[in-house]
Protein chains: 2
Amino acid sequence: MGGKKSYIQNQIKRIRLARTDLTQVELARRVGATRQTIISIEAGRYSPSLELAFRLSHVLGEPLEELFQFVPEWD
Amino acid sequence: MGGKKSYIQNQIKRIRLARTDLTQVELARRVGATRQTIISIEAGRYSPSLELAFRLSHVLGEPLEELFQFVPEWD
DNA sequence: CCTCCATGTAAGATATACCTTACATAGAAC
DNA sequence: GTTCTATGTAAGGTATATCTTACATGGAGG
């Protein structure tokens, strides 16, 4: 995706701890991903695919826009 | 993402034509992607990154969940 | 008929999400 | 102080999203 910069914030760790008692391992299992993937996403190293984002939203019981915020392009 | 199968439907082409008069080229330009990417996504060859999904939602003026539907895992 | 313009297909390259495995650490529980 | 659990980092590999370029087609308008 060439062009202006932007990134995506996420509230996964906060919501996972606040609204559930899931461990990273358990969350990973339920969304069908690995623990490393959860760690990397919580740490903001990359943002998930749309599919994984939907699954996280579903498992954590929060709408997508609550879990992820688009921080728009500056020049 | 290992595990159960699922996919993501999108209404991009329908909404692009119904709610805007954007061409694929123009839409691509505004979301900072290429025409090929728009074509592939509209054709369902793959689903976009979360970031591109957010941009499409923003440019088309439709919430993410209206543009994309998660069709959940069967076994 | 010739020319745009919008849409489509295809091949090959790059970037990035995701996986696997291995090792480190801090806290809790004996 | 050893063991267990949760969290973290790092390296290397696979899968997939995105880009670049090239070529094809059908419709609209001279």
Q.
Please pick, from D/dT18, C/dC19, D/dA17, the nucleotide with the shortest atom-to-atom distance to any side-chain atom of B/L52.
A. D/dT18

(Q) Any base atoms under 4.0 Å from B/S40, or only sugar-phosphate, or nothing? Heavy atoms, all strands. (A) nothing

Q: Could you state the atom-to-atom distance from CG of A/D21 to P of D/dT5 in whole Å?
A: 16 Å

Q. Between atom CG in A/L50 and atom C1' in D/dA17, what is the gap in whole Å?
A. 12 Å

**Q.** Whole angstrom value for the distance that separates P of C/dC18 from CZ of A/R29
**A.** 19 Å

Q) If only atom types and distance count, is the side chain of B/R16 paired as donor or acceptor with the main-chain N or O of B/L60 below 3.5 Å? A) no

Q) What is the distance, rounded to the nearest whole Å, between atom CD of A/E51 and atom P of D/dT16? A) 10 Å

Q. Once you round it to whole Å, what is the distance between C1' of C/dA17 and CG of A/N10?
A. 14 Å

Polar atoms only, N or O, under 3.5 Å: list the protein pairs with nucleotides 4-9 of chain C and their distances.
residue : atom : partner : partner atom : Å
C/dT7   : OP1  : B/R16   : NH1          : 3.1
C/dT7   : OP2  : B/Q24   : N            : 2.8
C/dG8   : OP1  : B/K13   : NZ           : 2.5
C/dG8   : OP2  : B/Q24   : NE2          : 2.5
C/dG8   : N7   : B/R35   : NH1          : 3.0
C/dG8   : O6   : B/R35   : NH2          : 2.7
C/dT9   : OP2  : B/R45   : NH2          : 3.0
C/dT9   : O4   : B/Q36   : OE1          : 2.9
C/dT9   : O4   : B/Q36   : NE2          : 3.4

Q) With a 3.5 Å cut-off and no angle check, do the side chains of A/T23 and A/R35 form a donor-acceptor pair? A) no

(Q) Expressed as a whole number of angstroms, how long is the span from A/Y7:OH to C/dT16:P? (A) 17 Å

Q. Is a side-chain N or O of A/N10 found less than 3.5 angstrom from the main chain of A/E42, in a donor-acceptor match?
A. no

Q. Nearest 0.5 Å, what's the CD1-CG distance between B/I38 and B/L27?
A. 4.5 Å

**Q.** Polar side chain donor-acceptor pair, A/Q11 to A/Q69, under 3.5 angstrom
**A.** yes

Q.
At less than 4.0 Å, is any side-chain N or O atom of A/T37 found next to OP1 or OP2 of C/dC19? Yes or no.
A. yes

Q: Find the distance B/I38:CD1 to D/dA17:C1' and express it as a whole number of Å.
A: 12 Å

Q) Quick one: do the A/S40 and A/T37 side chains pair a donor with an acceptor below 3.5 Å? A) no

Q: For B/E62 and B/S57, test the side chains for any donor-to-acceptor distance below 3.5 angstrom and give the result as yes or no.
A: no

Q: Provide, to the nearest angstrom, the distance between the CE atom belonging to B/M1 and the C1' atom belonging to D/dG13.
A: 19 Å

